[in-house]
Amino acid sequence: MAANLHEFPDAATLAAALADEVAARLAAAIRERGSASIAVSGGSTPKRFFETLSTCDIDWGKVTVTLVDERFVPADNPRSNHLLVATHLLKDRAAAAKFIPLYYDCSSIDEAAVIATEKAAGIGKPFDVVILGMGTDGHTASFFPHGNNLGQALNLSGPRGVLTMEAEGAGEERLTFSFASLSDARFLALHIEGQGKKDVLDKAKAGSDETEMPIRAVLNRAQSPLEIYWAP
Ligand SMILES: O=C1O[C@H](COP(=O)(O)O)[C@@H](O)[C@H](O)[C@H]1O
């Protein structure tokens, strides 16, 4: 599928444009199907976009928010993506949205992945909106280079749902929606900022080994067009 690059002069302009587009997509989903779903990424990049989106005037009570991926840590851990979303997105008007976490307090991460898959089963077939991020190692969601479950996670013929991932560069064990769950989103965006990440993206475009740079799966095989939002 095609990838379209949207360039902005700065991060604030990008955040406003992406929030406008996402709000319009969610509002359209509510109009057409009565509810809307969005899966967002964690990390440091989306904070400003979350803050802007949280003020958008849509019927947030009909929106379900979940995460593209999560660390296997409780929601009060500073590295939790749930905490990030609770702090920067699920407030203001967006406080009315329903949130489905990926982390559950289980004895094993495999158990948590099964529960997360069950809890999210009612949404995301396909998601109305998926916002991906990308690390400087070329990971996206928790599709990490040489991750122990990468083959399964990137298999587009595999089931929808949440998988576990361990990788050297990942820090904690991870929970991640499979590529099959994310790649057919009605609006699929990659939000990256800084020249460093643009260079990483260019490197990814120049090669094909997905185990080395899993973002290549999204660039080359996503079922929906990929809208790349970038600012220096
Ligand atoms: O580990 C993660 O990192 C990526 C990118 O984060 P950033 O701090 O470079 O913006 C993020 O997309 C992913 O959801 C997160 O778990």
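Each ligand, and each atom within it, is numbered from 1 in the order the structure gives.
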Using a 6.0 Å cut-off, check whether atom NZ of Lys203 has over 12 heavy atoms from anything other than its own residue.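 At most 12 heavy atoms, drawn from other residues, nucleotides or ligands, come within 6.0 Å of this atom.
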Within 6.0 Å of CD in Glu111, more than 12 heavy atoms from elsewhere: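 Counting neighbours around CD of Glu111, more than 12 heavy atoms of other residues, nucleotides or ligands fall under 6.0 Å, so yes.
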Can you tell me the protein heavy atom closest to [atom] and the distance?
{"atom": "atom 12 (O) of ligand 1", "result": "Gly133 CA, 3.3 Å"}
{"atom": "atom 11 (C) of ligand 1", "result": "Gly42 O, 3.6 Å"}
{"atom": "atom 6 (O) of ligand 1", "result": "Gly43 CA, 3.6 Å"}

Considering the heavy atoms of [X], write down every atom of ligand 1 situated less than 4.0 Å from one of them.
{"X": "His139", "result": "1 (O), 2 (C), 3 (O), 4 (C)"}
{"X": "Thr45", "result": "7 (P), 10 (O)"}
{"X": "Lys197", "result": "7 (P), 9 (O), 10 (O)"}
{"X": "Ser44", "result": "7 (P), 8 (O), 10 (O)"}
{"X": "Arg71", "result": "1 (O)"}

Using heavy atoms and a threshold below 4.0 Å, how should the contact between [X] and ligand 1 be classified: side chain, backbone, both, or neither?
{"X": "Met134", "answer": "backbone"}
{"X": "Asn81", "answer": "side chain"}
{"X": "Asp69", "answer": "side chain"}

Can Phe99 and His82 be said to form a ring pair (Phe, Tyr, Trp, His ring centres under 6.0 Å), step by step? CA-CA 9 Å; Phe99 179 71; His82 181 165; 4.4 Å; yes
Between the side chains of [Y] and [X], is the shortest nitrogen-to-carboxylate-oxygen separation below 4.0 Å, so that they form an ion pair?
{"X": "Glu193", "Y": "Lys197", "value": "no"}
{"X": "Asp128", "Y": "Arg33", "value": "yes"}
{"X": "Arg160", "Y": "Asp184", "value": "yes"}

Taking only non-hydrogen atoms of Arg174, do any sit less than 4.0 angstrom from ligand 1? yes
What residues, two or more places apart in sequence or in another chain, satisfy side-chain contact (heavy atoms from CB on, under 4.5 Å) together with Lys62?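 Checked Lys62 against side-chain contact (heavy atoms from CB on, under 4.5 Å); matches are Ile30, Asp59.
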Test item: Ser181 side-chain N/O and Gly161 main-chain N/O as donor-acceptor pair under 3.5 Å: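 The answer is yes, because a donor-acceptor pair under 3.5 Å joins these two groups.
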Indicate yes or no: does an N/O atom of Phe144 lie under 3.5 Å from an N/O atom of ligand 1?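 No, there is no polar N/O contact under 3.5 Å.
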Do Ser54 and Asp92 have a side chain donor and acceptor closer than 3.5 Å? no
